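To start, the structure under review is shown below, and the notes come after it.
Just so we're on the same page: letters track the sequence lines, and every chain starts at 1. Predicted, not measured: the structure shown is a model, and the values here were computed from it.
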Amino acid sequence: MPAEVHGSPPASLCPCQSVKFRPGLPEMALLTALDDTLPEEAQGPGRRMILLSTPSQSDALRACFERNLYPGIATKEELAQGIDIPEPRVQIWFQNERSCQLRQHRRQSRPWPGRRDPQKGRRKRTAITGSQTALLLRAFEKDRFPGIAAREELARETGLPESRIQIWFQNRRARHRGQSGRAPTQASIRCNAAPIG
DNA sequence: CTTCTAACCTAATCAGATC
DNA sequence: GATCTGATTAGGTTAGAAG
């Protein structure tokens with residue numbers, strides 16, 4: 001494994017300051033994962049509860065990020081196991097961190113190291129069976145934006161990881177627009193502001 | 001209140017499987 | 001090679017915790 005090191009200084013906190021819209025309609029009553037004894041019902045129908053990293057977890061994530069901005073699935077799983085965080089959360093962390101650092105680089109007119117071997121070390125393509133697809137399709141027709149509870153339920157029913165369910169819905173929405181289902185979120189309205197057809 | 005960060009989203013693209 | 005579809009990316013928004 002070529003541990004490509006980039007010459008950037010150690011990243012401390014990432015000052016992302018892109019927040020410019022704050023509606024404030026907290027109807028979901030989400031709870032923090034700091035108290036990990038919460039019952040499942042407490043997670044509510046919306047987003048998954050926020051899993052805040054401990055300082056040591058953040059250190060490990062940053063250390064890994066400095067070595068490799070685009071870790072493969074093996075690296076992510078190893079890291080996830082090492083610091084006791086679900087692998088999908090590690091993936092999200094890297095996505096957020098890259099986004100943050102990219103913006104910083106641009107703001108300071110510094111070059112971004114760029115992708116490296118993105119095709120190497122991808123997650124193995126998940127084989128979704130016909131019955132699993134049928135189940136997901138039925139769910140999709142009812143609700144194109146399932147919350148965490150619905151996704152967890154689908155994960156139980158299909159036997160697929162919840163993260164794969166989420167990806168399936170993302171891909172499905174992207175490729176089958178205009179189907180019935182729950183109204184999109186404000187985010188999707190905003191993102192779809194440009195007319196498509 | 002503002003800032004930070006995790007979660008989530010779209011759009012584009014890469015890539016494996018199948019024909 | 002064309003098509004379908006799962007996986008990953010950039011770049012953005014949303015929302016709870018912390019300051």
Rounding to an integer number of Å, can you tell me how far [X] [atom1] sits from [N] [atom2]?
X        : N      : atom1 : atom2 : result
A/Arg62  : B/dC4  : CZ    : C1'   : 10 Å
A/Gln170 : B/dT13 : CD    : C1'   : 14 Å
A/Ile92  : C/dA10 : CD1   : P     : 13 Å
A/Asn171 : B/dC14 : CG    : P     : 15 Å
A/Met49  : B/dA6  : CE    : P     : 15 Å
A/His176 : B/dT10 : NE2   : C1'   : 16 Å
A/Arg173 : B/dA11 : CZ    : P     : 10 Å
A/Arg175 : B/dA15 : CZ    : C1'   : 11 Å

Residue mapping more 5' on DNA chain C - nearest nucleotide basis, A/Leu102 or A/Glu87: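 Taking each residue's closest nucleotide, the earlier one in sequence belongs to A/Glu87.
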
Selected nucleotide, minimal atom distance to [X] side chain, candidates [options]:
X       : options               : result
A/Arg47 : C/dA10, C/dG6, B/dC8  : B/dC8
A/Leu51 : C/dT8, B/dA6, C/dA10  : B/dA6
A/Leu52 : C/dA10, B/dA15, B/dA6 : B/dA6

Under a 3.5 Å distance rule, please check whether A/Arg172 uses its side chain to pair with a backbone N or O of A/Phe140 as donor and acceptor.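 No, A/Arg172 side chain to A/Phe140 backbone: no donor-acceptor pair under 3.5 Å.
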
Kindly say if [X] contacts the phosphate of [N], meaning a side-chain N or O under 4.0 Å from OP1 or OP2.
X        : N      : answer
A/Ser53  : B/dA6  : yes
A/Arg98  : C/dA10 : yes
A/Arg172 : C/dT5  : no
A/Tyr70  : C/dA10 : yes
A/Trp93  : B/dA6  : yes

Quick one: are A/Arg98 and A/Arg103 in side-chain contact, heavy atoms under 4.5 Å?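 No; the side chains remain at least 4.5 Å from each other.
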
Does [X] reach a base, just sugar-phosphate, or nothing at all? Heavy atoms under 4.0 Å.
X        : value
A/Gln166 : sugar-phosphate
A/Arg164 : sugar-phosphate
A/Gln95  : base

A/Gln132 CD to A/Leu137 CG distance, which is reported to the nearest 0.5 Å: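 The CG atom of A/Leu137 is 12.0 Å from CD of A/Gln132, to the nearest 0.5 Å.
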
Inspect the contact between A/Glu157 and A/Arg138 and indicate whether a charged nitrogen and a carboxylate oxygen are less than 4.0 angstrom apart.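 Salt bridge absent between A/Arg138 and A/Glu157.
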
Between A/Arg156 and A/Glu153, does any side-chain N to carboxylate O distance fall below 4.0 Å?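 Salt bridge: yes.
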
Could you tell me if A/Glu77 and A/Gln81 have a donor-acceptor pair between their side chains, going purely by distance under 3.5 Å?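 Short answer, no.
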
With A/Arg151 as the cation and A/Phe169 as the aromatic partner, state whether NZ or CZ is under 6.0 Å from the six-membered ring centre and within 45° of the axis.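 Output no; distance or angle outside limits.
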
Interface residues of residues 123-132 of chain A with DNA chain C (non-hydrogen, below 4.0 angstrom):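 Those residues are A/Arg123, A/Lys124, A/Arg125, A/Thr126, A/Ile128.
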
Would you call the rings of A/Phe65 and A/Phe94 parallel, tilted or perpendicular if under 30° counts as parallel and over 60° as perpendicular?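 Tilted, since the angle between the ring planes falls between 30° and 60°.
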
